[in-house]
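Read the structure below first, then the notes.
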Amino acid sequence: MKSFLTILACFLSVGMFAQGSSNKPSASNKCFQEWYSLFKERGANPVPDGVQDVIITVRGDEYAECFMGKIQVASEKIAGKLLVQKMDGSYEEFDKKVSASYQNDQGIIKEELRTINNGMSAFVRLTDGEIIGLFFYKSLADKPKSNKKAPSPSALIKL
């Protein structure tokens with residue numbers, strides 16, 4: 001009986017593990033939508049020159065994944081290779097390539113697509129069909145201050 005329960009527990013564990021893992025990322029656009037909405041709502045300050053921290057969003061029709069990264073910026077334009085942060089804290093060149101239709105004759109992303117607008121890069125298609133975009137989160141504008149509501153007349157004036 002003990003061996004039967006042990007085997008049953010193993011099958012259940014394998015079944016749960018198999019359901020939790022898949023070749024596709026989780027079916028959610030939540031991370032992209034959250035970042036995009038935040039930047040659309042608050043706007044961004046100009047992105048300074050130098051190496052900047054970014055949120056890398058990679059999305060398909062039914063999913064989105066967001067990663068930490070870095071990229072060189074010069075004059076409000078992307079000027080270097082995209083680096084993605086690894087789990088150990090190191091950085092490596094991002095391994096996915098932009099679709100040829102977004103590249104110039106030298107195989108570099110077209111000049112007009114390098115512009116940073118409102119703290120976001122252009123959203124471009126990768127060779128595998130996914131869409132990539134960058135959010136320069138350290139340039140996000142401060143949260144707007146709310147207006148103070150007026151109290152009732154009786155709270156301010158003796159009636």
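Throughout, residue positions are numbered sequentially from 1 according to the sequence presented. Values below: all heavy atoms of this structure, side chains included; hydrogens, waters and symmetry mates excluded.
- Sequence neighbours left out, not one pair with a member in residues 126-159 passes disulfide (SG to SG under 2.5 Å).
- Shown here are the ring-ring contact (aromatic ring centres under 6.0 Å, His included) partners of Tyr36, two or more places apart in sequence or in another chain: Phe32.
- Sorted by first then second residue, the disulfide (SG to SG under 2.5 Å) pairs that include residues 127-159, not counting sequence neighbours, number zero.
- Taken to the nearest 0.5 Å, the CD1 atom of Ile132 stands 10.5 Å off from the NZ atom of Lys97.
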Let me check something: any side-chain donor-acceptor pairs from residues 81-93 under 3.5 Å, sequence neighbours excluded? List them with distances.
unit_1	atom_1	unit_2	atom_2	d
Asp88	OD1	Ser90	N	2.9
Asp88	OD1	Ser90	OG	2.6

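- Between Tyr63 and Glu130, the closest side-chain pair of non-hydrogen atoms falls below 4.5 Å.
- Within the structure, disulfide (SG to SG under 2.5 Å) contacts touching residues 86-159 (residues at least two apart or in different chains) do not occur.
- Taking every heavy atom of both residues into account, Met68 and Ile56 meet most closely at O-CD1, 4.0 Å.
- No continuous path of ILVMFWY side-chain contacts below 4.5 Å connects Phe39 to Phe67, so the two sit in separate hydrophobic clusters.
- Judged as a salt bridge (charged side-chain N to carboxylate O under 4.0 Å, His left out), the pairs with a partner in residues 103-121 (not counting sequence neighbours) are, in order, Lys77-Glu111.
- Within the structure, disulfide (SG to SG under 2.5 Å) contacts touching residues 44-159 (residues at least two apart or in different chains) are Cys31-Cys66.
- Within the 4.5 Å cutoff, the side chain of Ile108 has no heavy atoms near those of the Gln103 side chain.
- Clustering of Ile, Leu, Val, Met, Phe, Trp and Tyr by side-chain heavy atoms under 4.5 Å joins Val51 with none of the others.
- Rounding to the nearest 0.5 Å gives a distance of 10.0 Å between CD of Gln33 and OG1 of Thr57.
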Can you give each donor-acceptor pair under 3.5 Å made by side-chain atoms of residues 134-151, sequence neighbours left out, with the distance rounded to 0.1 Å?
unit_1	atom_1	unit_2	atom_2	d
Lys138	NZ	Asp53	OD2	2.7

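- Leu113 places a side-chain heavy atom less than 4.5 Å from the side chain of Val124.
- Under the 4.5 Å side-chain heavy-atom criterion for Ile, Leu, Val, Met, Phe, Trp and Tyr, Phe123 and Ile78 are members of distinct hydrophobic clusters.
- A donor-acceptor pair under 3.5 Å links the side-chain atoms of Glu76 to the main chain of Val47, judged by distance alone.
- In this structure, Asp95 has no salt bridge (Lys or Arg N to Asp or Glu O under 4.0 Å) partners at least two apart in sequence or on a different chain.
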Show your working on side-chain contact (heavy atoms from CB on, under 4.5 Å) between Val98 and Leu126 and close with a plain yes or no. CA-CA 4 Å; Val98 173; Leu126 299 171; 4.3 Å; yes

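- Val58 and Val54 fall within a single hydrophobic cluster, where Ile, Leu, Val, Met, Phe, Trp and Tyr side chains are chained together by heavy-atom contacts under 4.5 Å.
- Residue pairs satisfying the side chain to side chain donor-acceptor pair (under 3.5 Å) criterion with at least one member in residues 117-127, sequence neighbours excluded, are absent.
- Among residues at least two apart or in separate chains, there is no salt bridge (charged side-chain N to carboxylate O under 4.0 Å, His left out) pair with a member in residues 37-48.
- Proximity of Met120 to Trp35: side-chain heavy atoms (C-beta onward) are nowhere separated by under 4.5 Å.
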